[in-house]
Amino acid sequence: MNDNNRQLFTFIENTYETDEQLVTIINNEKRNSQLFDLTQGLVFRCHLVYYKQISSYHLLSDKDLLIFNFHHALFDFPSMNIFLHDLNQAYTTGQLLYDDNTNLRYLDYAVIEQQMSMTGANMFWLDALHDCKLDQPLPLPFDRYRLANEYRTGRGTSISFDFGQDLSNHFLIHASSNNISLKHLTFAIYFLFLFKLTNGQKDLCLAMSMNNNRYKDELKSIIGLFENVIPLRCQLDPYWCFHQLLEHVRQRTTKSMKYSYFPLQRILNQHSHISKHAFLDTSLEFVSYTNNNTVIIADSQLTPRSFLFNINEDETLNVSDFSFSIHHDMNMNQLSCTINASLDLFNIETVEKISQRFNSIIQQLSASIIDNQINNSIYEIQLVLPNERLLIQSMNSTQISFSSPFTCIHHAFVYQVMKHPQKIAVELDEQSLTYCELLHYVQVLSVTLVNEYHVIPGEIVCQCIERSLSMVIGIMGIEMAGGVYCPLSPRDPQHRLHSLIQQTQSRFVLVHDLTKTKFYNNTTILNIESILIINDFNSDMNYNCLSSVIMKGKEIAYIIFTSGSTGTPKAVQVRHKNFIDCIHSLAFINSFNKNDTVIQMTRCSFDIHIQEILSTFLDGGTLIMLHPGGTVDFDYLSEVLENKQITYMHTVPSFLQNYFVFLENMKINTVKHLRSLCSIGEAFVAHLIDLIVKTDTTNCIVWNLYGPAETTIASTYYRVDQVDDKRSVSIGRPLSNYRCMIINQYLQSSVTSEGGELCVGGVGVFAGYLGRDDLTAKALVEIDGQLFYRTGDLVTMDNNGLLHYQDAVIEKQMLMTGASMFWLDVLHDCKLDQPLSLPFDRYRLANEHRTGRGTSISFDFGQDPSHDFLTHASLNNISLEHLTFAIYFIFLLKQTNGQTDLCTAININNNRYRDELKSIIGLFENVIPLRCQLDPNWSFHQLLEHVQEIIINSMKYSYFPLQRILNQHPHISKHSFLDTSLEFISSKSNNDNNAMMIGDSQLVPKSFSFNINGDEILSVSDFSLSIYHDINMNQLSCTINASLDLFNRETVEKISQRFHFILHELSASINDNRMSKPIYELSLVLPNEQYLMQSLSNTQVSFPSSVTCIHHEFVYQVMKHPQKLAVELDEQSLTYAELFAYVQMLAVHLLDEYGIIPSEVISQCVERSLSMVIGIMTIEMAGGVYFPLSFRDPQNRLHTLLQQTQSRLVLSHYLTKNKFNDLTTILDIDSILVNNNLFQHIDIDQLSSVHVTIDSIAYIIFTSGSTGVPKGVSIEFAIQLTYNKGNK
């Protein structure tokens, strides 16, 4: 049918004979985009489909179909009733009662809508969506995520279900009796469901479909598209009751409906900064309808026929990602629901589970209405399904009774000694101890601790010992003495060790020869090796005192420090019973047994070392120790594994990854004797299984264990399937007598498949944090009357009752909690606002402009150092990046004059930390802090191991944006660590081998350098160092960029020379096998500077002299010119002879009356006077040690100095004799010298018997006392005389 040459609608006739033909016709009507032409106004089709043949009279039979097909651009669902009404009127009367002049047309409405005042609506939507995260999708339980540019397939699945007769009645009656709109009631139920389904999201915004938006009466008779989509936002409070939520939803829905005419596009335009409006991906609608099965047109009855058009049996076409429709059948007065979900994001099973959860929610709400519990908080509603509760109960059915008479670690050890005293207990290289010998040394140590150091039960005893037999003896010795073992890592810097000792209030620390210099002077240390040597042959040692050490099992066995993510490291207290019960549980699954030969792998910083050592002795196995550094020396480790036939190993996955790669590269199998391989501490990556399988460990059981220190060693276990576990590895199920619960933020059981926080209960739950009851209270929670530890780890549980870490894909949706806590911990107490103390030539003021001018110096490592470092890295299976970074930190230690806490920025140039990111073009860069807290006494290998650890951990969380790291320290205005940067780049040099082929064309990369001038570059940071590895040439080089605002060009050249010098020193150390010396011994002094210092110190001059003491030199001068004036003061004077006479008289008096002996300290407190001079020379001539006291010092200081020197006599005069208390012996010089009678009776000859040598002390002088107590500096005669003669 045409109008002015435009085709407005068409009539089509067709026939069918089979259902397949009919479905084809209908599918064509539904999907053929060519049927309509909006440009020509073709928007309506009428298709007559006859069964088998077209009726000659155009009459329809019961199998014929009449298909009305409207384009949705101007036809919504309510338009159908208007169309049928008009069709009936036209059919029966032959005309339509329609006046274009009075009736509003759809076209008129479109014009009116454009002219409407939208100010009120505009303001409403701005206010309603203020601070709403419209670009963030709701965290629904997706099975996968869609990347930003990923194609939307439109494939979806649909699930429909009825509320049921009873539930429908309950809600309909509740709505009617409380005058509540059924729409508002069902919307409130849905928002409650979303709150639970999204794990407690309180700000919920979704799209609400307005299917009949005829908000004015005059619009109700118009055929057209009166639909809109508007945001519906619900900001709920979990502690509301349901009625409070309902009232909130009612208000929000009513106000939103009032302004529903405001076009969606204009709402979106209000937030133009958002590129993707994610709220549109989740939609909601309420449809209330009357189910009329017949349509009457005049005297004819048409029966609608419904068809389901699926792509396949389970799929539908889906526009949004997740849509929820609630239907009210007004005929039946029944409620039903339809969930449509995108198969791009959801599995069908997940959608089915979601529908079950919604059904569970409405069942609970219905029961609340009936039981009058509708006032309970909405967070109390549960999403957990009955079968999931059963699964959790089944998982936690772990109760097993282990018959053991022992409640303490050392009791169980003694039992094993009695069973097999001559069995080897522990070996380290060529050393070994049987169980009997080990018990002997343990008893010797424990008796010493109890008798000599009075250790009492429950007292904390720290131990800082490298891997050795002494380490093992120390641990068990502390336990047998009733003490609490607290390990301290030899790798920790001195200040951290001091802090941990203070935190534990330990009175002393057990050490050995390798660690005795690790502590401050005020720390009491006991050398365990000395104790054992001294007491080993003590036949009188009484062991009976050990029987009085009463332990019952509830006492604390050990303390282990966690990493300290809260700022200060937390001391985890573990009871004897915790440990023994955990060991029983691990032995029950046969992860280790009495026949195992166990290798001790773990550092003492981690509690696994306690399990490796003590569980071996409690079970009767044999322990193999490695010497210090043995875990990183893969050749040595392989030799031990092979020769000792190790059957049990327990370590972290990252170590296993490196070691099995080493075995694969070396084509050896040193793990063939392994029976049990336990992995713990990190996520077990699936590709590690491939490496293990390649090494032929078919007889070895691989265990993935999980457990924080707070739950004692391990709490869950999983036997890795080396065939089927190819995608992810579970952390398994609880060990015997452990329990696991997955909870949400309201401490309720969380939906197992959607995850929550893992809480661990049972026999391993620790006794609390030492001295931190506040943290203990936060960490422990009571569930069903039992204490559980909140791990902070998010897990899910699969249908087999196995626990899994939660996955995340896109950075926006990644779990940032772990990364946030890591960076808080790593940078705790780090002075981020203080720049490194580099050799600046000048400083930049706080508000001074940064010019960006810089200088750059590049140089090669050189053929020999490059070869040495590359070979060393390869042979020791060390990452070249880690090796060069360790070298750089040594250089910074020396360059900053011994700064031990070094924090620099590290550039992450290829931060594609997930496989799916590796094929994407984009900017995947970040800058993160790299903090190295080193000990100058470490060897290079100790530093290297520390650097490896901090880099691996930092890289693990390198996805955490720099800005979020900086935001953790808002009190810092300038983050100075960013001014010093470091990077390692491994690349291929530009040559023909590096060419790229595009089709049959060859492109050769070419690099360009843009400098301001010959010597300058643009510099972003103040000081940056880049290390390059040319893979083609296998050469190392370095570039230093420095800001000319702070450095002179000559200074940067000198810095580069020093770095080059360090490289050669380390290279020589590798060749000379001197890598074990402390790193502080490395020197930055260049050869020309060494020569300069040698020249400066070339001061040797020989002075001929026969005298050796100060007073001898004085007498010689008296003999040369006795009448020459020696000293004057105003009107007073003395010649050399007169001065000599007074000195002799006073010296003889000191010898006769006070019995002064050579080298005795004699104090003098005299004002400036001739007496002062006489006193000084007198003390020297009497053989004493002159010690001056200042008359200006307060009395208490003078008293302290006298005590420190143990001086029994003070020379004074009339101005100072009142400065001392009555207990001090004072001699008034003036009173002696005015007594002329003394000259007649003195025996001068006795002075010749005073024996003083050139090495005797001449005087003591006190420094200012910067250390707290003034220090007395003693000067020998030889030093003083040499100085005097040099000045002459």
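Put simply, the side chain of E757 gets close to the backbone of G792: a donor and an acceptor are under 3.5 Å apart. Looking at N800, its side chain never comes within 3.5 Å of a backbone N or O of L802 through a donor-acceptor pair. Looking only at distances, no side-chain donor or acceptor of D203 sits under 3.5 Å from a matching main-chain atom of Q235. No donor-acceptor distance shorter than 3.5 angstrom exists from the side chain of S377 to the backbone of Y379, with no hydrogens or angles considered. D344 places a side-chain N or O within 3.5 Å of a backbone atom of T153 that can act as its donor or acceptor partner. Looking at S715, its side chain never comes within 3.5 Å of a backbone N or O of P734 through a donor-acceptor pair. No donor-acceptor pair closer than 3.5 Å links the side chain of T398 to the backbone N or O of S736. Of the possible donor and acceptor atoms, one in the side chain of T716 sits under 3.5 Å from a partner among the backbone N and O of I731. Judged by distance alone, the side chain of R233 and the main-chain N or O of H130 form a donor-acceptor pair under 3.5 Å. Between the W125 side chain and the Y259 main chain, a donor and an acceptor come within less than 3.5 Å of each other.
Under the 3.5 Å distance criterion, with hydrogens and angles disregarded, no donor-acceptor pair is assigned to the side chains of N69 and H47. Remark: the R144 side chain and the N347 side chain contain an N/O donor-acceptor pair separated by less than 3.5 Å. Side-chain N/O atoms of S61 and D64 include a donor and acceptor closer than 3.5 Å. Using modelled atom types, one finds no donor on one side chain facing an acceptor on the other under 3.5 Å when comparing E352 with Q356.
Proximity of V287 to I326: side-chain heavy atoms (C-beta onward) are nowhere separated by under 4.5 Å. In this structure the side chain of L245 never reaches within 4.5 angstrom of the side chain of F195, judged on heavy atoms. Two residues are said to be in side-chain contact when any heavy atoms from C-beta on lie closer than 4.5 Å; N396 and R733 fail this criterion. Residues P137 and T282 have side chains not in contact (no heavy-atom distance under 4.5 Å, counting atoms from C-beta outward). Counting heavy atoms from C-beta on, the side chains of F171 and I362 come closer than 4.5 Å. Side chains of I230 and F262 form no contact here, defined as non-hydrogen atoms less than 4.5 Å apart. Counting heavy atoms from C-beta on, the side chains of V781 and C759 come closer than 4.5 Å.
The number of heavy-atom neighbours closer than 6.0 Å to OH of Y746, taken from other residues, nucleotides and ligands shown, is above 12. Sparse packing is recorded around NE2 of H85, with 12 or fewer heavy atoms of other residues, nucleotides or ligands lying under 6.0 Å away.
F324 pairs in a ring-ring contact (aromatic ring centres under 6.0 Å, His included) with only one of the listed residues (F358, F191, F161, F286), which is F358.
N199 contributes atom CG, which lies 12.5 Å from atom CG of L138 (distance to the nearest 0.5 angstrom). Rounded to the nearest 0.5 Å, atoms SG (C234) and CZ (R252) are 7.5 Å apart. Separating the CE atom in M741 from the CE atom in M395 is a distance of 7.5 Å, to the nearest 0.5 Å. Atoms CD1 and CG, from I378 and L246 in turn, are 11.0 Å apart once rounded to the nearest 0.5 Å. Atoms CZ and CG, from F193 and L204 in turn, are 12.0 Å apart once rounded to the nearest 0.5 Å. How far NZ of K353 is from CG of N799: 5.5 Å, rounded to the nearest 0.5 Å.
When all heavy atoms of V760 and V765 are compared, the pair lying nearest together is O-CG2, 3.6 Å. The two atoms that bring V384 and E388 nearest to each other are CA-OE1, 3.6 Å, heavy atoms only. Across all their heavy atoms, D281 and S320 have their closest contact at O-CB, 3.6 Å. Among all heavy-atom pairs drawn from S360 and L385, the shortest one is CB-CD2, 3.9 Å. Nearest heavy atom pair, residue L182 against residue A175, reads CD1-CB, 4.3 Å. The nearest pair of heavy atoms linking I361 to Q382 is CD1-O, 4.1 Å.
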(request) Start with the C-alpha distance between I369 and I173, add both sets of side-chain angles, then the distance that settles side chain to side chain contact (heavy atoms under 4.5 Å, CB included), and finish with yes or no. (result) CA-CA 10 Å; I369 293 172; I173 293 171; over 6 Å; no

(message) Using the rule given for side chain to side chain contact (heavy atoms under 4.5 Å, CB included), can you reason through L747 versus I783, listing the C-alpha separation, both sets of side-chain angles and the distance that settles it, and then say yes or no?
(response) CA-CA 8 Å; L747 306 184; I783 302 175; 6.0 Å; no

(message) If you apply the rule side chain to side chain contact (heavy atoms under 4.5 Å, CB included), what do you find for F187 with L232, and how did you get there?
(response) CA-CA 10 Å; F187 277 17; L232 183 59; 3.8 Å; yes

(request) Could you walk me through whether F68 and L87 pass the side chain to side chain contact (heavy atoms under 4.5 Å, CB included) test, one step at a time? (result) CA-CA 12 Å; F68 296 114; L87 176 63; 3.9 Å; yes

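The distance between the ring centers of F322 and F346 falls below 6.0 angstrom.
Ring orientation note: the planes of F83 and F70 are nearly perpendicular, at an angle over 60° on the 30°/60° scale.
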